[in-house]
**Q** 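Encoded as structure tokens, here's the structure I'll be asking about.
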Amino acid sequence: MAAALHLQRGLRERLRSGEVEITVVEPEAYFTYHPLLAEVAAGSIDPRHVVVPLRRVLPECRVLTARITRIEHATRRAFADAAGPGEPPAPVELPYDLLVVAPGSVSRGAPVPGLAEHGRGFSTVGDAVSLRNHVLEQLDLASATRDPALRQAALTFVFVGAGYAGVGALAELEDMARTAVRDYHNVDVTDLRWVLAEATDRILAEESPELAEHTLRELRERGVDVRLGTTLASAADQVVALSDGSRFAARTLVWTAGVRPAPMLRDTDLPLDALGRVRCLATLQAVGPDGRALPGVWAAGDCAAVPDPNANGDPCAPNAQHAFAQAELLARNLVVALDAGPYAPGLEAYEPGPASCSTSLGIGRAVAHTRRGARITGRRAWWLHRARHLRRLPSAERRVRVLMDWVLGGVFSREVVSLGGVEYQRSGFEEGFEPGPGRPPGAGPEAPR
């Protein structure tokens, strides 16, 4: 989306004259601003306000809601499926002159018993809303049940992976749960058990050691059981088994242990590295067989192996800061290449700016470091975190909406109502049907598929 937005600006006159056409192919009709998903899960931001409708911000582009199934760059053709889930395939063939590859990444799963059945991801707005509803439903269950084992399992929340996504989601939800339990007569903050398992010897691997250590201390002071050098061995039957030998029942398991490039890249003839990313030059052009730029292919973001000069030439880390900066540079370089060719001397190499990452740890708490190298914590970091991401949101309308969410959140207390029924919106309708022959109680007018 960011690349298309900058291309739209740089090629506005050519787009309007019909000389150039930009087609954006994306399975969803919106862009999701991932750094604010933790606050969506905690109820600080309305879910609709962190998504940007593509057709609204890209009026000069042709937006095709479809999923790319194959790319044949040798013949300059892409193939897409425009059908929705569960519908017959609706294949679309898309010839092109220039290709920008930016499908991002997906959660990196693992062959852990029970993970696919009982685990939850945290990469979409739906994941964030569903997790919020689930946590609040577990508090309701714990308050209602008289079974001590079920109560303990309901109040145990396990997160695997201590990167930005895992730490931010756990911290925000833990802060939300602290507020929610005030309204329960028989559930206390001390009843909640939060476990964070990380395979390496530190959390927030991309953050400075000082801020990572500060975050670790704060989480432990809040009662979070942080286990370093620990992996998930099993989650079968909703019993979590960790590599340190501990076993306990938990009805909530959130998997945030890294990402991998979008699997659709395997169905292309593009040059990929060992991890499945598009091999790129510093100019964000794909690498050809001769080591020079592969004409007509550009890539950016989590799916691109772009050399990072600050990391001895290793590829850039998959984070939002690199993705947005690469997208802007890609658009500038592509406009130059349109006129001067793929080997034009005016193409710029990607030079990452100073790291400016931050992580929210709940209301009034965060860790951040600035472009000047300063490291700040607490409320100052929290204000910086919010201001930084408000500025980066690619829609003025969404900035206003998110800002209003924050203002109202400062005036009123958190919303702690579960809307889990929205996920099963047919349940109330189906309850109105009497069970008939071959139809179980509660089933709707048609047998479930």
Side-chain angles (χ1 to χ4, degrees), residues 37-38 41 105-124 127-128 130-132 134-135 137-139 141-142 145 147-174 177 190-207 212-213 215-261 263 274-276 302 317-318 359:
L37 285 185
S105 57
V106 298
S107 294
R108 184 180 61 206
V112 176
L115 176 60
E117 294 79 11
H118 305 297
R120 291 173 171 269
F122 194 75
S123 59
T124 68
D127 290 341
S130 177
L131 181 57
R132 165 185 165 78
H134 175 78
V135 169
E137 287 167 359
Q138 298 313 298
L139 299 183
L141 175 62
T145 186
D147 182 342
L150 178 58
R151 173 187 169 90
Q152 186 175 15
L155 297 179
T156 300
F157 308 94
V158 181
F159 286 69
V160 181
Y164 286 117
V167 170
L170 182 148
E172 286 283 355
L173 285 166
E174 191 271 345
T190 56
D191 298 327
L192 305 177
R193 183 183 184 187
W194 299 85
V195 181
L196 177 60
E198 168 56 40
T200 64
D201 59 357
R202 56 169 289 190
I203 66 173
L204 298 179
E206 295 179 38
E207 193 55 89
E213 185 61 30
T215 305
L216 178 62
R217 287 197 306 271
E218 175 164 330
L219 290 177
R220 284 176 169 166
E221 288 171 0
R222 287 161 61 172
V224 178
D225 181 4
V226 182
R227 304 193 184 192
L228 302 178
T230 304
T231 59
L232 178 67
S234 174
D237 301 322
Q238 293 189 319
V239 175
V240 172
L242 300 178
S243 61
D244 60 8
S246 58
R247 293 174 58 87
F248 49 87
R251 290 176 56 87
T252 305
L253 173 62
V254 184
W255 181 264
T256 57
V259 297
R260 62 186 178 93
L275 298 180
D302 292 2
T359 305

**Q** Rounded to the nearest 0.5 Å, what's the gap from OG1 on Thr145 to CD on Gln138? Could you check?
**A**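 The CD atom of Gln138 is 11.0 Å from OG1 of Thr145, to the nearest 0.5 Å.
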**Q** Show the nearest heavy-atom pair for residues Arg247 and Ala241, with the distance to one decimal.
**A**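 Where Arg247 meets Ala241 most closely, the heavy atoms are NH1-CB, 3.8 Å.
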**Q** Output the distance between atom CG (Asp225) and atom CG (Leu196), rounded to the nearest 0.5 Å.
**A**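 Separation between the atoms: 9.0 Å.
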**Q** Start with the C-alpha distance between Thr231 and Leu242, add both sets of side-chain angles, then the distance that settles side chain to side chain contact (heavy atoms under 4.5 Å, CB included), and finish with yes or no.
**A** CA-CA 6 Å; Thr231 59; Leu242 300 178; over 6 Å; no
**Q** Just to verify, what does Tyr164 make a ring pair (Phe, Tyr, Trp, His ring centres under 6.0 Å) with, not counting sequence neighbours?
**A**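 In terms of ring pair (Phe, Tyr, Trp, His ring centres under 6.0 Å), with neighbours along the sequence ignored, Tyr164 is linked to no residue.
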**Q** Could you pull out all residues at least two apart from Thr200 that satisfy side chain to side chain donor-acceptor pair (under 3.5 Å)?
**A**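 With neighbours one apart ignored, the set is Glu198.
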**Q** Taking the side chain as C-beta and beyond, is there a heavy-atom pair between Val158 and Phe248 under 4.5 Å?
**A**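 Side chain of Val158 against side chain of Phe248, heavy atoms only: contact under 4.5 Å found.
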**Q** With a 3.5 Å distance limit and no angle check, can you tell me whether Thr215 reaches the backbone of Glu213 through a side-chain donor-acceptor pair?
**A**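 No, because the side chain of Thr215 does not come within donor-acceptor range (under 3.5 Å) of the backbone of Glu213.
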**Q** What's the shortest heavy-atom distance between Ala235 and Val112, and which atoms?
**A**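 Smallest heavy-atom distance, with atoms named: N-CG1, 4.3 Å.
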**Q** For the atom pair CZ (Arg222) and CG (Leu192), what is the distance rounded to the nearest 0.5 Å?
**A**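 Answer for the CZ-CG pair, Arg222 versus Leu192, is 12.0 Å.
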**Q** If you look at every heavy atom in Ala233 and Pro113, which pair is closest and at what distance?
**A**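 Taking Ala233 first and Pro113 second, the nearest heavy atoms are O-CD, 3.5 Å.
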**Q** Measure the CG-CZ distance between Leu170 and Phe157 for me, rounded to the nearest 0.5 Å.
**A**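 If I round to the nearest 0.5 Å, the distance is 10.0 Å.
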**Q** Tell me, do Val254 and Leu173 make a side-chain contact under 4.5 Å, heavy atoms counted?
**A**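 No. Closest side-chain heavy atoms not under 4.5 Å.
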**Q** Is the backbone N or O of Val195 less than 3.5 Å from a side-chain atom of Arg227, with the two atoms forming a donor-acceptor pair by type?
**A**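 Checking the backbone N and O of Val195 against the side chain of Arg227, no donor-acceptor pair under 3.5 Å is found.
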**Q** For Val167 and Thr256, run side chain to side chain contact (heavy atoms under 4.5 Å, CB included): C-alpha distance rounded to whole Å, both residues' side-chain angles, the deciding distance at 0.1 Å, then the answer.
**A** CA-CA 9 Å; Val167 170; Thr256 57; over 6 Å; no
**Q** When rounded to the nearest 0.5 angstrom, what distance separates CG in Leu141 from CG in Leu155?
**A**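 Leu141 CG to Leu155 CG: 8.5 Å, rounded to 0.5 Å.
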**Q** Using modelled atom types and a 3.5 Å cut-off, is there a donor and acceptor pairing between side-chain atoms of His134 and backbone atoms of Arg251?
**A**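 Present.
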**Q** Could you work out, with side-chain contact (heavy atoms from CB on, under 4.5 Å) as the rule, every residue matching Ala257, not counting sequence neighbours?
**A**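 Ala257: side-chain contact (heavy atoms from CB on, under 4.5 Å) contacts with Val160, Trp255.
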**Q** Which residue pairs pass the side-chain hydrogen bond (donor to acceptor under 3.5 Å, both in side chains) test when at least one of the two sits in residues 147-157, sequence neighbours left out?
**A**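 Those involving residues 147-157 are Arg151-Asp191.
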**Q** Provide the closest heavy-atom pair for Ala177 versus Trp194 in the form atom of the first, atom of the second, distance.
**A**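 Looks like CB-CZ2, 3.7 Å.
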**Q** What's the separation between atom CG in Leu204 and atom CG in Leu216, rounded to the nearest 0.5 Å?
**A**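 Atom-to-atom, Leu204:CG and Leu216:CG are 9.0 Å apart.
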**Q** Do you know which two heavy atoms are closest between Phe159 and Ala169, and how far apart they sit?
**A**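 In this case the closest contact between Phe159 and Ala169 is CE2-CB, 4.0 Å.
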**Q** Between Asp127 and Ser130, does the side chain to side chain donor-acceptor pair (under 3.5 Å) criterion hold? Intermediate values first, please.
**A** CA-CA 5 Å; Asp127 290 341; Ser130 177; over 6 Å; no
**Q** Quick one: does any side-chain atom of Asp244 pair with a main-chain N or O of Ser246 as donor and acceptor, under 3.5 Å?
**A**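 Confirmed, Asp244 side chain pairs with Ser246 backbone.
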**Q** For Glu117, which residues count as a side-chain contact (heavy atoms from CB on, under 4.5 Å) partner, sequence neighbours excluded?
**A**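 Expected list: none.
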**Q** Tell me every residue that passes side-chain contact (heavy atoms from CB on, under 4.5 Å) with Arg108, counting only those two or more places apart in sequence or in another chain.
**A**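 For Arg108 the side-chain contact (heavy atoms from CB on, under 4.5 Å) partners, ignoring immediate neighbours, are Arg260.
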**Q** Looking at Val106 and Pro263, what are the two nearest heavy atoms and their distance?
**A**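 Where Val106 meets Pro263 most closely, the heavy atoms are CG2-CD, 3.8 Å.
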